[in-house]
Amino acid sequence: MRNRSEEMYSMPLFRPPSEARSLIIQITEGCSHNKCRFCYMYKHKQFRLKSWQEITEHIAALKSYYHEPERIFLADGNVLCLKTEELIKLLEYIKREFPYAQRISSYSGPLDLIRKTDEELKLIREAGLELLYMGVESGSDRVLTIMQKGVSQKQMIEAGQKAMKAGFKFSCMIISGLGGTEHMKEHALDSAKVISAINPNYFSLLRLVVEEDSDLAEDIRQGKFHLLTPLQILDENIMMLENMELDNCIFRANHVSNYVNQAGVLNKDKDALIERLKKFRNSSNFIPMGNDRL
């Protein structure tokens with residue numbers, strides 16, 4: 001028997017950890033890029049934009065169960081690929097249907113942000129889309145190319161700075177270990193460079209976990225990519241934090257994948273966060289939890 005989620009959504013369905021209590025409205029299906037070697041989220045899902053009729057029927061069905069959500073998250077991968085006028089129309093409709101919602105958020109692909117003008121992004125923000133999440137993954141051009149992210153370091157910075165300039169609350173994520181052993185230092189230093197240049201409101205750090213359905217799993221089997229050890233992950237995290245210069249950025253590394261849970265404000269808590277990592281790094285009692293693969 002199909003459950004309610006399977007009836008209302010095209011599965012699988014993903015959202016950031018911080019959107020756990022949000023009502024998810026599915027505007028698109030899949031990811032228009034869908035080529036990242038580390039990513040498995042939408043590998044078996046064809047990207048498409050839902051029609052206006054599908055969206056309104058979807059919202060009507062959701063509304064019968066969720067009357068007054070405080071937060072709303074727009075799925076799937078890159079809602080910002082919609083034309084600006086269509087997205088504004090959608091936001092206005094959602095606000096009419098859910099007038100008590102205090103926040104609307106979505107993922108944001110870097111190319112989608114770059115393709116919008118500053119004025120378009122400002123209009124979208126004013127229409128009610130408040131918080132954007134962007135997976136930077138790595139600041140290294142080499143790693144971004146290997147992982148087929150589809151953008152460069154320069155483009156990542158441009159996308160992030162445009163979002164900040166338009167007034168969005170902006171959250172960025174880096175994947176620890178994405179450079180493997182060969183590009184560990186470059187991944188750490190260039191990621192610190194990109195996040196510092198964007199200076200987002202939120203920055204999260206999680207560890208690479210390789211899903212068997214991802215292209216990266218095959219790279220590992222063929223010996224083309226070598227995972228970092230737990231101690232190397234901590235070394236990389238330390239290097240990254242040491243080279244970041246941020247202003248009042250809320251930092252989290254408390255995903256289930258992280259070896260050491262961290263939370264603070266950068267740069268205010270930077271020294272304390274680094275010292276805590278070093279304490280674990282040098283402790284004979286450090287026993288990492290979790291696996292490198294699911």
Sequence-distant partners of Lys154, salt bridge (charged side-chain N to carboxylate O under 4.0 Å, His left out), two or more places apart: none
Donor-acceptor pair between His187 and Ser140 side chains, under 3.5 angstrom: no
With Phe98 via ring-ring contact (aromatic ring centres under 6.0 Å, His included) - residues at least two apart: none
By ring-ring contact (aromatic ring centres under 6.0 Å, His included) - contacts of Phe280 (at least two apart): none
Any donor-acceptor pair under 3.5 Å from Thr56 side chain to Gln53 backbone: yes
Distance-only side-chain donor-acceptor flag, Tyr133 / Ser18, under 3.5 Å: yes
Distance-only side-chain donor-acceptor flag, Ser214 / Glu211, under 3.5 Å: no
Electrostatic pair Arg103-Glu19, nearest N-O below 4.0 angstrom: yes
For Ser32 against Phe47, the heavy-atom pair lying closest together: N-CD1, 3.4 Å
Check: Asn78 side chain, Cys31 main-chain N or O, donor-acceptor pair, under 3.5 Å: no
Residues forming a ring-ring contact (aromatic ring centres under 6.0 Å, His included) with Tyr93, sequence neighbours excluded: Trp52
Test item: Asn258 side-chain N/O and Leu205 main-chain N/O as donor-acceptor pair under 3.5 Å: yes
Charged N-O contact under 4.0 Å between Glu236 and Arg207: no
Closest contact, heavy atoms only, Met239 versus Ala188: SD-CB, 3.8 Å
Please output the side-chain donor-acceptor pairs of residues 167-182 that fall under 3.5 Å, not counting sequence neighbours, one pair per line with the distance.
unit_1 : atom_1 : unit_2 : atom_2 : d
Lys169 : NZ     : Glu130 : OE2    : 3.0
Ser176 : OG     : Asn237 : ND2    : 2.8

Identified side chain to side chain donor-acceptor pair (under 3.5 Å) partner of Thr84 from the options Lys89, Arg115, Lys116: Lys116
Non-neighbouring partners of Gln46 that pass side chain to side chain contact (heavy atoms under 4.5 Å, CB included), sequence neighbours left out: none
Heavy-atom donor-acceptor pair, Lys45 side chain to Glu29 backbone, under 3.5 Å: no
Minimum heavy-atom distance Ser191-Ser138, with the two atoms named: OG-CA, 3.6 Å
Residues Arg221 and Glu218 bridged, charged N to O under 4.0 Å: yes
Ring centres under 6.0 angstrom apart (His67, Tyr100): no
